[in-house]
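To start, the structure under review is shown below, and the notes come after it.
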Amino acid sequence: MTQQRDPVPAPAALAPAPAATTRPEEPAPGRHRRRSYRDRLTAPLPGVRAVTRLAREAGALRPGTEARRDVPLLPCAPAPLPPAGPGVLALTWAGHASWILRIGGLTVLTDPVWSHRILGTPPRVTPVGVPWASLPPVDAVVISHNHYDHLDAPTLRRLPRTTPVLVPAGLGRWFRRRRFTRVHELDWWQGREIGGVTFDFVPAHHWSRRGLLDTCRTLWGGWVLTDPQGRKVHFAGDTGYGHWFTEIGRRHPGIDLTLMPIGAYAPRWWLRDVHCDPEEAVAACADLGARRMAPMHWATFLLSAEPVLEPVTRVRAAWARTGRPREDLWDLPVGGSRTL
């Protein structure tokens, strides 16, 4: 579908920051004016019958007392960030879908949520893996979609307004209203280059909403980051399982690492279309052709009904069944780091 886009405005005279460029073969990302992205849904959103069933099943989206008993056992080991020069690819899990990724000499945050509590959820059950004051200067931020546990206004207010932010189509206005001046708004399969690192926006099986009347008014997706040496990291954002993973792998062959959600999947009848379970996450990694996988989207906020340690137990078992090397499953604790 052809989309109407405004011309990209000329850059203002701002403090130095990594330059952003569009690859010559792609249209320049601009301000997207579509009223809806419902045509991008890969499954219908729940109807009245499903919502009624959820209301009848009191507590269906929160773990019960028995399921919460292992909260003290959740892996959490905050530690200083490892050194990372321009040729090093280093990864640190801050919790949920928030990562500190040092790639190509840049420090990139994914879906940064440093708040203790977000709208509509209980408070964090593990602390943020890296204190905000311990972060190096942030060179770019990528956002997967506008749900509150991925787009956290209090955290984003801590950033300089000159920080480059890469966001799904339709979400740029939210950032410009908050005076961010380097907003790169992308549709699926569009890309930008910042400081030698390429950021490609790719599909996901999810949806968007932030208020009562804005369902699917902005797009959702994941990101593939490629450093100057050709190493690739896929950040899945928030997603169910489906055909897009194979297509992402076809268009971006040789992914070195995928950051894949494994939690918030129960009850399955309610969440199957929008959240992978652990076995589906491992299957998605294979579909992508990714060499390694780092699980995320668990051990931070209790958003669904599964026992709190079940996601990591199941993902380890699913990975073992594939016969892939155990060291290629980067099941980090909150605050943990790995270097590629």
Side-chain angles (χ1 to χ4, degrees), residues 1-3 29 32 34-51 53-54 61 97 110-111 142-151 166-171 185-191 200-210 213-224 234-253 255 258-290 293 295-298 303-304 306 311 315 318:
M1 180 179 294
T2 302
Q3 299 179 25
H32 293 247
R34 286 186 61 166
R35 289 187 57 81
S36 176
Y37 290 90
R38 282 181 178 268
D39 60 315
R40 305 290 183 89
L41 291 170
T42 46
L45 294 176
V48 173
R49 183 176 297 181
V51 173
R53 178 181 173 183
L54 188 70
L61 283 180
T110 70
D111 289 358
V142 298
I143 300 294
S144 64
H145 66 299
N146 70 354
H147 288 160
Y148 282 87
D149 59 321
H150 294 259
L151 179 64
L166 297 104
V167 305
L171 195 53
E185 188 176 355
L186 279 69
D187 202 337
W188 288 349
W189 310 122
Q190 288 184 326
D200 287 291
F201 190 49
V202 296
H205 298 271
H206 206 60
W207 65 301
S208 69
R209 188 176 74 184
R210 200 162 175 88
L213 303 174
D214 64 347
T215 301
C216 297
R217 291 285 183 88
T218 65
L219 195 51
W220 53 90
W223 296 89
V224 175
H234 169 251
F235 169 63
D238 208 352
T239 183
Y241 179 69
H243 70 281
W244 281 127
F245 294 110
T246 299
E247 180 64 13
I248 294 166
R250 186 184 71 82
R251 297 196 187 207
H252 297 279
I255 293 172
T258 179
L259 314 179
M260 187 65 65
I262 65 167
Y265 53 79
R268 210 72 198 110
W269 65 265
W270 176 257
L271 292 168
R272 179 184 304 277
D273 294 328
V274 294
H275 287 167
C276 290
D277 67 20
E279 294 77 16
E280 289 169 337
V282 172
C285 177
D287 293 348
L288 288 162
M293 178 175 125
M296 64 173 182
H297 209 264
W298 77 287
L303 303 177
S304 57
E306 70 269 6
V315 83

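Note that this is a predicted model, so its numbers are computed, not measured. Any value given below was found using the heavy atoms of this structure, including those in side chains, with hydrogens, waters and symmetry copies removed.
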Side chain to side chain, [X] and [Y], heavy atoms closer than 4.5 Å:
X	Y	answer
W188	D200	no
L166	I143	no
D149	L303	yes
L41	C216	yes
T218	R209	no
W270	L54	yes
L186	P168	no
C276	Y265	no

Side chain to side chain contact (heavy atoms under 4.5 Å, CB included) between E280 and R272, intermediate numbers included: CA-CA 10 Å; E280 289 169 337; R272 179 184 304 277; 4.1 Å; yes

Taking side chain to side chain contact (heavy atoms under 4.5 Å, CB included) as the definition, give me every residue that meets it alongside [X], ordered by chain and number, with sequence neighbours left out.
X	value
V274	H206, W207, L271
A284	Y241, F245, M260
R251	W189, E247

To the closest 0.5 Å, what do you measure between [atom1] ([X]) and [atom2] ([Y])?
X	Y	atom1	atom2	value
R210	T215	CZ	OG1	13.5 Å
H147	W220	NE2	CH2	9.0 Å
R38	S208	CZ	OG	9.0 Å
E279	I262	CD	CD1	10.0 Å
L288	I248	CG	CD1	6.0 Å
L219	L171	CG	CG	9.5 Å

Hits for side-chain hydrogen bond (donor to acceptor under 3.5 Å, both in side chains) against S144, two or more places apart or cross-chain, chain-then-number order -> D111

Contacts of type side-chain hydrogen bond (donor to acceptor under 3.5 Å, both in side chains), residue H205, not counting sequence neighbours: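 If we apply the side-chain hydrogen bond (donor to acceptor under 3.5 Å, both in side chains) test to H205, skipping adjacent residues, the hits are T42.
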
Indicate yes or no for a side-chain donor-acceptor contact from E185 to the backbone of G170 under 3.5 Å, with no hydrogens or angles considered.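 A pair under 3.5 Å: yes.
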
Can you pull the salt bridge (Lys or Arg N to Asp or Glu O under 4.0 Å) pairs that have at least one residue in residues 214-224, sequence neighbours excluded? none

To check you understand the geometry: which heavy-atom pair defines the closest contact between [X] and [Y], and what is its length?
X	Y	result
G221	A204	CA-CB, 3.7 Å
S304	A266	CB-O, 3.0 Å
T258	A290	CG2-CB, 3.8 Å
W298	G263	CB-CA, 4.2 Å

Contacts of type salt bridge (Lys or Arg N to Asp or Glu O under 4.0 Å), residue E306, not counting sequence neighbours: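 By the salt bridge (Lys or Arg N to Asp or Glu O under 4.0 Å) rule, E306 matches no residue at all.
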
Listed partners of D238 passing salt bridge (Lys or Arg N to Asp or Glu O under 4.0 Å), at least two apart: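 Salt bridge (Lys or Arg N to Asp or Glu O under 4.0 Å) check on D238 returns nothing, list empty.
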
How far apart are the C-alpha atoms of M293 and V315, what are their side-chain angles, what is the distance that settles it, and do they pass the side chain to side chain contact (heavy atoms under 4.5 Å, CB included) test? CA-CA 10 Å; M293 178 175 125; V315 83; 3.5 Å; yes

With H234 via ring-ring contact (aromatic ring centres under 6.0 Å, His included) - residues at least two apart: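 Here no residue qualifies.
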
Regarding R34 and D187, does a basic nitrogen lie under 4.0 Å from an acidic carboxylate oxygen?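 Salt bridge absent between R34 and D187.
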
